[in-house]
Number of protein chains: 2
Amino acid sequence: MTTTPVADPYSRLCPSRQLLDRIGDKWTVLVMGVLTPGPRRYGDLARAIEGVSQKMLTQTLRHLERDGLVTRTVHATVPVRVDYELTDLGRSLTGPLAVLEAWARDHLGDIETARASYDARG
Amino acid sequence: MTTTPVADPYSRLCPSRQLLDRIGDKWTVLVMGVLTPGPRRYGDLARAIEGVSQKMLTQTLRHLERDGLVTRTVHATVPVRVDYELTDLGRSLTGPLAVLEAWARDHLGDIETARASYDARG
DNA sequence: CAGGATCCGTCTCGATACTG
DNA sequence: CAGTATCGAGACGGATCCTG
């Protein structure tokens, strides 16, 4: 390692930022939440996550699969059946997500309150 | 509590999702990262976070202030001086963020690898 | 059943120019 | 120094139609 340019001190170096780029979209954490208890079929996911379109559900699952967080298994039955399941890597992420969720449960109300009083004043 | 409609089971109920809506944008975690050690001036933030525009830095700080995560203190000197500092609420969030960062440090490489092999095959 | 393809609105973000 | 105002590009997400 003769030349290891640091480049962008923050945008490159901050791992949280890179991670949030991957899980910060609208549906990823919801999908992972449904998959946490165990494998689910495509249709189950679609029904469990109310409001998601097929496009976004599929796109989210593809991204999760691409990043090695979820496996996609096609059963050659009639009709076709596709199961999605968290990988070990995916499961290792549920812990940190639970930490976030716990904080949110405890403090989202505070944010709501702060925002309300901020908006009330100006 | 006679009527407590659950409404959207997931999009409303998932606190992680709501939290990510607030910290999942491009600059928030970076700003909080710089503010974690202690108060910083506007210009310090701008210089520390390379690549951020004044517009986005200001907008991010306003949002953080609005949500009660950061305080903004104007010193009536010449020239003007403005300090930003994490509130107790803001500091309470640095723990969960550190957990995320730790996971990212340990596993972002795995994601990178998975993605590379996924792209290589198709 | 489990998607793929397409169109289109919205919202985020960056660049630029100007101000107390 | 610490912002504000405006404009335009591009990403993100939703609705719809079609397929093996």
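For the numbers below, each heavy atom of this structure counts, side chains included, while hydrogens, waters and symmetry mates do not. A note on names: the letters A, B, ... follow the listed sequences, proteins ahead of strands, and every chain is numbered from 1. Remember, predicted model here, so these are calculated numbers, not experimental data.
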Contacts under 3.5 Å, N or O only, protein and nucleotides 13-15 of chain C:
residue : atom : partner : partner atom : Å
C/dC13  : OP1  : B/K26   : N            : 3.2
C/dC13  : N4   : B/K55   : NZ           : 3.2
C/dG14  : OP1  : B/K26   : NZ           : 2.7
C/dG14  : OP2  : B/W27   : NE1          : 2.9
C/dG14  : O6   : B/K55   : NZ           : 2.1

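Comparing D/dC1, C/dG3, D/dT4 by their closest approach to the side chain of A/V82 singles out C/dG3. Each of C/dG4, D/dG3, C/dA2 was ranked by its minimum atom distance to the side chain of B/Y84; first place goes to D/dG3.
Side-chain atoms of B/T71 come within 3.5 Å of backbone atoms of B/E85 as a donor-acceptor pair (strictly under, hydrogens ignored). In this structure a side-chain-to-backbone donor-acceptor pair under 3.5 Å is present from B/T87 to B/G68.
With respect to A/D83, the side-chain hydrogen bond (donor to acceptor under 3.5 Å, both in side chains) criterion is satisfied by exactly one of A/H75, A/R72, A/R41: A/H75.
Under 3.5 Å, the side chains of B/T113 and B/D110 contain no donor-acceptor pair of N or O atoms. Neither side chain, A/Y84 nor A/T73, offers a donor N or O lying under 3.5 Å from an acceptor on the other.
Straight-line distance from the CG atom of A/L57 to the C1' atom of C/dG3: 10 Å, rounded to whole Å. At whole-Å resolution of the value, CG in B/D83 and P in D/dG3 are 10 Å apart. Counting to the nearest Å, the P atom of C/dA2 and the CD atom of A/E65 are 15 Å from each other. For the pair B/R81 CZ and D/dA2 P, the interatomic distance rounds to 8 Å; values are reported in whole Å. One interatomic measurement links the two molecules: CG of B/L61 to P of D/dC1, which rounds to 16 Å at whole-angstrom precision. Between the CG atom of A/L64 and the P atom of C/dG3 there is a distance of 13 Å, given to the nearest Å. Residue B/Q54 contributes atom CD, which lies 14 Å from atom P of C/dC18 at whole-angstrom precision. The distance from atom NE2 of A/H63 to atom P of C/dG3 is 14 Å, rounded to the nearest whole Å.
One finds a side-chain N or O of B/R62 lying less than 4.0 angstrom from the OP1 or OP2 phosphate oxygen of D/dG3. Taking 4.0 angstrom as the limit, A/R41 places none of its side-chain polar atoms (N or O) nearer than this to OP1 or OP2 of C/dC1.
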Working note: A/R115 + A/D119, criterion salt bridge (charged side-chain N to carboxylate O under 4.0 Å, His left out); need CA distance, chi angles, decisive distance, verdict. CA-CA 6 Å; A/R115 186 181 282 233; A/D119 290 349; 5.7 Å; no

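Pairs of residues two or more places apart, or lying in two chains, that qualify as salt bridge (charged side-chain N to carboxylate O under 4.0 Å, His left out) and include a residue from residues 93-104 of chain B are B/E101-B/R105.
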